[in-house]
Amino acid sequence: MDLFNIYIMGSVQIFIGFYFLTRFLKKKVSCLYFFLFSFAGFIFISVIPSGSMIELVLYVLLLTTGGIFICQGDRESVVLYAVLTAEIMQLSFGVINSLLTILYPWLLSFDHKRVGILLMILGNVASCFLAVFCYWLVWRYFSFYDTIKKKYLLIILTPIVMIFFMEQYISSVIYGNLNIADENGAAWYKNHVQLLIIQFLGMISLFCIMFAYKKLLENFHLSTELSLLEQQEHSLNQYVEEVRTRYEKTKSFRHDIKNHISVVKELLQRGRTEQALDYIGDMESMATELSFSCSTNNPVVDMLVGNKLGIAGALGMDVHCSLILPYPCLVRDIDFCVILSNALDNAIHACQRLDHGEEKYIRLTGRIQGDLILLEVENSFQGEKLPPRGTGLSNIKMVAEKYQGAMSIKTQGSACILSVLLIIPQHPGSSSQQTDSFDEAGSRRR
């Protein structure tokens, strides 16, 4: 029975613990490593006395070693999950054993030996099932590996370690003061109910701590996203202000155009051709400053796209813009800017990651038909898989869904294509020609 209870079930516990540790760390480990780890656990069981605090601490160290050297996980995450794995296993066996010990006095009328064997097998199997269920809950709902912040790790690790040692201490105190028999010699297990309650509350406390930590990480993430959105809104507002300033300058230029023409006419009539040409050159420079490098029919978007594609062109990327937007329409300027600024920023970053000598290009196109607006940003891309979606793509998706549309991103050979569909009724004042056509004249190349 000792062979089954200590060595076989002990090896099963170690195997289950290491398997779920790899799942928590999101690592794939070959079967050979599972065999080697179980063999090391078997030797560990043979050397260390069963049921002692030293056994539990060394089990945590064994899991930590496997997590670092076999799974190649970072130390902070491995320590957290190793302690959590050992504590869940310990509490699972404690809860089931306390339940069975409470039931044991009611079974004394039966054969003691058979009852003992049955309870031992039932206790080990039920404890493993409870531990597996708890591990699954942690893996399914409380997996922090992708979002663990090292500076916040002590927030969750400290209370878990405290529960880890307090459960062991309380268990040893209660069992140490256990009254085995009353004055008539009958078995008396008055302390097991207390221990069951303590272990059950300890298990619940673990999940409460993990739930609170998960919410804390979500709040930190939302705060970061909110800060980025505020910065982005500030940047977009600057674009809007710059467009307004340029509009005022254009309005002033148009107001003075008659005076400029009169001056040129007067100079030509007096035969001052060179002065007239110089004056016309100055007027041309002013007109160039007031014009946009990319014409989309939306002045705010013109400013944004011209700025982004100007940056890309300065970095040696081939840029192409073929986009006409309905103006005015019911899509807010800032929403167009959120889509295009994030899309072009991602495209520029993707091109910058390419090796020297590889083709680097960005193509911005758009198709408009009826109430549908399709924006596409294509850029050169290197790699087999797309990077995980960050805040920028999340913002684009949020804006697309705001207008009952959708966002998709895919790779096609060495290109990455981001498509955004907006479904929006046209402004009553917009012309049908703007709505149903695609103007190639807006194309620009650098």
Just list the side-chain donor-acceptor pairs under 3.5 Å for residues 132-139, sequence neighbours left out, or say none.
| from | atom 1 | to | atom 2 | distance (Å) |
| --- | --- | --- | --- | --- |
| Y135 | OH | T85 | O | 2.6 |

Item to check | Nearest non-hydrogen partners of G67 and C71, listed with the distance | outcome: O-CB, 3.2 Å

Checklist entry - Would V301 and D333 count as a side chain to side chain contact (heavy atoms under 4.5 Å, CB included) if you check the C-alpha gap in whole Å, the side-chain angles of each, and the deciding distance to 0.1 Å? => result CA-CA 7 Å; V301 175; D333 291 340; 5.6 Å; no

Checklist entry - Under 4.5 Å between any side-chain heavy atoms of V319 and Y361, yes or no? => result no

Item to check | Approximate separation, where rounding is to 0.5 Å, of L418 CG and C416 SG | outcome: 7.0 Å

Item to check | Reported CD1-to-SG distance for the pair I373 and C329, which is rounded to 0.5 angstrom | outcome: 5.0 Å

Item to check | Minimum heavy-atom distance between C128 and F93, given as atom pair plus value | outcome: SG-CZ, 4.1 Å

Checklist outcome for this item: Residues V83 and V161: closest non-hydrogen pair is CG1-CG2, 4.2 Å

Checklist entry - How long is the gap from CD1 on I96 to CG on L91, to the nearest 0.5 Å? => result 11.5 Å

Checklist entry - Is E359 close to S380 at the side-chain level, that is, under 4.5 Å between some pair of heavy atoms? => result no

Checklist entry - Any ion pair linking D318 and K360 (charged N to carboxylate O, less than 4.0 Å)? => result no

Next on the checklist: Is there a side-chain contact between E218 and K214 in this structure, where contact means two heavy atoms from C-beta onward sitting under 4.5 Å apart?
Outcome noted: yes

Item to check | By ring-ring contact (aromatic ring centres under 6.0 Å, His included) - contacts of F15 (at least two apart) | outcome: F34

Next on the checklist: Is the shortest side-chain heavy-atom distance between M89 and I16 below 4.5 Å?
Outcome noted: yes

Checklist entry - Got a donor-acceptor contact below 3.5 angstrom from the Q404 side chain to the E401 backbone? => result no

Next on the checklist: Once rounded to the nearest 0.5 Å, what's the spacing between atom CD1 of I88 and atom CG of L206?
Outcome noted: 6.0 Å

Checklist entry - Yes or no on salt bridge (charged side-chain N to carboxylate O under 4.0 Å, His left out) for E376 and R367, after CA distance, side-chain angles and deciding distance? => result CA-CA 9 Å; E376 287 189 345; R367 293 190 291 275; 3.6 Å; yes

Item to check | Side-chain (D302) to main-chain (T296) donor-acceptor, under 3.5 angstrom | outcome: yes

Next on the checklist: Please check: side-chain N/O of E358 versus main-chain N/O of D355, any donor-acceptor pairing under 3.5 Å?
Outcome noted: yes

Item to check | Side-chain H-bond candidate by donor/acceptor type, D74 with S77, under 3.5 Å | outcome: yes

Item to check | Point-to-point distance, once rounded to the nearest 0.5 Å, from CG of L63 to CG of L21 | outcome: 6.0 Å

Checklist entry - Would one find more than 12 heavy atoms of other residues, nucleotides or ligands at under 6.0 Å from atom OH of Y19? => result no

Item to check | Check against side chain to side chain contact (heavy atoms under 4.5 Å, CB included), L374 and T365 | outcome: CA-CA 8 Å; L374 178 63; T365 60; over 6 Å; no

Checklist entry - With a 4.5 Å limit on heavy-atom distance, are the side chains of T22 and I70 in contact? => result no

Next on the checklist: Restricting to non-hydrogen atoms, name the atom on A350 and the atom on N379 that form the minimum distance, rounded to 0.1 Å.
Outcome noted: CB-ND2, 3.5 Å

Checklist outcome for this item: Residues at least two apart in sequence or cross-chain that pass side chain to side chain contact (heavy atoms under 4.5 Å, CB included) with R332, listed by chain then number, are I334, D335, K402, Y403

Item to check | Chi angles and distances behind the side chain to side chain contact (heavy atoms under 4.5 Å, CB included) call for L201, I198 | outcome: CA-CA 5 Å; L201 290 177; I198 291 171; 6.0 Å; no

Next on the checklist: Just so I know, are the side chains of V60 and V57 near enough to count as touching, which here means a heavy-atom distance under 4.5 Å?
Outcome noted: no

Checklist entry - Does some side-chain heavy atom of I362 sit less than 4.5 Å from a side-chain heavy atom of E378? => result no

Next on the checklist: Could you walk me through whether F381 and I417 satisfy the side chain to side chain contact (heavy atoms under 4.5 Å, CB included) test, starting with their C-alpha distance in whole Å, then the side-chain angles of each, then the deciding distance to 0.1 Å, before giving a yes or no?
Outcome noted: CA-CA 9 Å; F381 176 77; I417 303 173; over 6 Å; no

Next on the checklist: For a 4.5 angstrom cut-off between non-hydrogen side-chain atoms, does Q352 reach M317?
Outcome noted: yes

Next on the checklist: For S205 versus I163, what's the shortest heavy-atom pair and its separation?
Outcome noted: CB-CD1, 3.7 Å

Checklist entry - Looking only at heavy atoms, what is the nearest atom pair of A400 and L422, with distance? => result CA-CD2, 3.8 Å

Next on the checklist: Nearest 0.5 angstrom please: I339 CD1 to M398 CE, how far?
Outcome noted: 10.5 Å

